[in-house]
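To start, the structure itself, in structure tokens.
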Amino acid sequence: MNRLMGVINLDAEQDLLGELTYFRCGAAVPFGGRYRLIDFVLSNMVNANMSEIAVFTRRKYRSLMDHLGNGKAWDLDHVKGGLFILPPDWNDPTDISKGELQHYHNNRDFFARGHADHVLITGSQHVSRIDFEEVFNHHLHTKADVTVVYQHNPSILSDNRFSKKLVIDEKGHATALSNDSDNPNHYMNTYVIKKDLLLDLVDSCISRGKSFLFEEGIMTNADRLHITSYSYNGYLAVIDSLPSYYQESMKLLSDQHFAQLFLSEKPLLTKIKNEPPTVYKKGSKVRNSLLANGCVIEGEVTNSILFRGVKVESGAIIENSIIMQRCIVEKGTVLRNVILDKDITLTSNKTLIGAYTQPYVVAKRKVI
Amino acid sequence: MTESGVVKMTTNKKECVAMLLAGGEGKRLGLLTKKMAKPAVYFGGKYRIIDFPLSNCTNSGIDTVGVLTQYEPLALNTHLGIGTPWGLDHRKGGLTALPPFVEKAGGSWYLGTADAIYQNMCFIEQYDPEYVLILSGDHIYKMDYDKMLTYHKEKQADVTISVIEVPWNEASRFGIMNTDAYYTITEFEEKPLTPKSNLASMGVYLFTWSYLKQFLMADASDIESEHDFGKNVIPAMLDDHCKLVAYPFSSYWRDVGTVQSYWEASMDLLDPDSPLRLNEDNWRIYSANPNQPPQYVANSAKVSQSFINEGCLVYGRLQKAILFHGVEVGKHSVVSGSILMPNVKVGQRVQLKNVIVTEGTTIPDDTVITSQKEEIIVIDNETKFEALTMLT
């Protein structure tokens, strides 16, 4: 799909995941046993054959850049196009742009050089298996200026005040944004727009001193633009708070959610780690859990998610917990409703217990 | 610029080039090699046999590897690609697959191991190497070839052959090196009835290239020769009083040439005291990545002493099992002492004991396949399950 280029705009995503976003941006937070949040949107783009993809990032992008590298794991190490990670290094003395418009102003070359004539703009907080090719075809078919993507779901888990809803009329046109908690149309922070129109709107937003392209440049012009909507019905997890991160992770332990997210013909791609298969030693007891490769299990693991290279010694008990890469849980230690970030060693006979509604989170690289 | 004003071209010169013999059919592996060459056979829950010598090359700093392919090369070539998983996708050198070819004067299959190298002398010559390392794709081991190279130089040898001590009662199954006290090889005996030594060749040969070249050319013009390193080239070098030394290796090494030895080497991985460790950070074994989700172990599952790769769904019981990616084991099934290769689907209430199931096989509900004796049963998707269930 060489007519569609992608922007993963992380600028508007705040660090909402507590200790997990102390040292990294939200897009780089590990999720689902062996991925990071950005892997899902990036895989969706690659699976739709999009080959010109930019990541707008402003802060805490070290681990994100380390993870993405040159895009090879996503087949984005192209001779032409590929993956462009664009952190701020902006020195244009005539630049008067503000907020996220700074990215569009200073990275205009990305759009100008791109071969595509349409742009898909999205973020990393909405984990889904959406088919962007279908979204784009819908956009072309309706001859819209802009196509916004939403999910109609009254029971969606998002306790966050930043969560946006779309007002959609009977013709399927999006007429306004709202934060009405009774509105079931969750905006998935994703839209497709013609490249020329995008650049015009960017210029007009900048000249009027605006900071937010979608809210102030597009939706405020809903009466003049033809904005249609695309309704997505598949797997969706909105990761915008620690409770939502924890509960959406735990939901993956049910057959239905696991199948929706993982069992697809189209692969989920992530950085390669070359870990060996996971070893279950004599005496290990593992029930209803997801495990990545490279783990060595001697203890008990129930209703939990273990990332790559976790070691659980004999007599250790892990329940309802998320244990990230290379953590070591020594003999006799008990963890319940806990999230351990990467590289944590829990020495023997410790007990950490959080609440199911408020898991206990330990920040990266600690020995307890 | 040099003094003469000529721009000095950077050369392709490499000190040591590795040649990996990967064309073997592996007849004694039966169904395991029905669709692929022996080096492409899966091993250890995630790997193929060839990943071990290739990763050893990468970890030893050898960045130029020719892989000689011949029998059923499709799976192998797909796996190798341009060598990316092993970090061998270099601008100069890297991994090159070398199938047999035809030229103006004709051409032929590789007639033997020595002939395979002889036919690819042009490949080796373009790197102008001092040494050539000959490897085979049949063995499971982790070895630092750089240490062997240092030993070769210290001993000022023409040929260094890596050897391992095997139990005396098994020595007659191997190529045996008889040496003096300084590990200088005095005699080579292929599968001797009454072995004089228990130092077995590991199929790892390091040659000083200028010598090997001479002997390969002589061997090629000898119509009596079988063009085999063990049978022809090494004996000819011994006759010619070249300096052949043995390099003693004492860590884990297994030949996986038969179904039984393949199964035993696989089960070694489940032994907590096994010297072969796959999760050592400083000596990773690399392989192509299948991009699978994490493995799911259900409430009904019971897993002990097992090795499971990503993309597996486990609802049944596993005892000493090795599961490659994408394997499913249904509820109330019991799998023990068995190896399930990629995308094997095991239904419900199935019992498997001492069984190897090849890639993509589906085992229907209620199948019982348990080997009563020590014999290992190999199953593929053409196996008649009713018949087997009746037998046991």
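Put simply, of A:Leu252, A:Val296, A:Leu253, A:Ile305, the one with the most heavy-atom pairs under 4.5 Å next to chain B is A:Leu253. Interface check for chain A: of the options B:Val314, B:Val303, B:Ile322, B:Leu278, the most heavy-atom pairs under 4.5 Å are formed by B:Val303. Chain B forms more heavy-atom pairs under 4.5 Å with one residue of A:Val301, A:Ile297, A:Leu306, A:Val279 than with any other, namely A:Val279. The candidate with the highest count of non-hydrogen atom pairs below 4.5 Å against chain B, out of A:Ala292, A:Gly283, A:Gly33, is A:Ala292.
A:Gly32 and B:Pro294 make their closest contact through O-CG, 3.2 Å (heavy atoms, listed as atom of the first residue, atom of the second, distance). Here the shortest heavy-atom pairing between B:Ile308 and A:Pro277 reads O-CB, 3.3 Å.
Heavy atoms of A:Leu268 lying under 4.5 Å from chain B belong exclusively to its backbone. For B:Leu313, the part sitting under 4.5 Å from any heavy atom of chain A is the side chain, from C-beta outward, and nothing else. Proximity to chain B (any heavy atom under 4.5 Å) is shown, for A:Phe307, by neither the backbone nor the side chain.
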Interface of chain B and chain A, donor-acceptor atom pairs under 3.5 Å:
| from | atom 1 | to | atom 2 | distance (Å) |
| --- | --- | --- | --- | --- |
| B:Lys46 | NZ | A:Glu275 | O | 2.6 |
| B:Asp89 | OD2 | A:Lys72 | NZ | 3.0 |
| B:Arg284 | NE | A:Asn274 | O | 3.3 |
| B:Arg284 | NH2 | A:Glu275 | OE1 | 3.4 |
| B:Gln292 | O | A:Arg34 | NH1 | 2.6 |
| B:Gln295 | N | A:Leu291 | O | 2.8 |
| B:Gln295 | O | A:Leu291 | N | 2.9 |
| B:Gln295 | OE1 | A:Tyr280 | OH | 2.7 |
| B:Tyr296 | OH | A:Leu253 | O | 3.3 |
| B:Tyr296 | OH | A:Asn288 | OD1 | 2.4 |
| B:Val297 | N | A:Ser289 | O | 2.9 |
| B:Val297 | O | A:Asn288 | N | 2.8 |
| B:Val297 | O | A:Ser289 | N | 2.9 |
| B:Val303 | O | A:Ser284 | OG | 3.1 |
| B:Gln305 | N | A:Tyr280 | O | 2.8 |
| B:Ser306 | N | A:Tyr280 | O | 2.9 |
| B:Ser306 | O | A:Tyr280 | N | 2.8 |
| B:Ile308 | N | A:Thr278 | O | 2.9 |
| B:Ile308 | O | A:Thr278 | N | 2.8 |
| B:Asn309 | OD1 | A:Asn293 | ND2 | 2.6 |
| B:Glu310 | N | A:Asn293 | OD1 | 3.2 |
| B:Glu310 | OE1 | A:Arg34 | NE | 3.2 |
| B:Glu310 | OE1 | A:Arg34 | NH2 | 3.3 |
| B:Glu310 | OE2 | A:Arg34 | NE | 3.0 |
| B:Glu310 | OE2 | A:Asn293 | N | 3.0 |
| B:Tyr315 | OH | A:Asp255 | OD1 | 3.4 |

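For the side-chain contact (heavy atoms from CB on, under 4.5 Å) test, residues two or more places apart in sequence or in another chain that qualify with B:Ala18 are B:Cys57, B:Ile62, B:Val65, B:Leu133, B:Leu135.
Summarising the local packing, CG of B:Leu74 is surrounded by 12 or fewer heavy atoms from other residues, nucleotides or ligands at distances under 6.0 Å.
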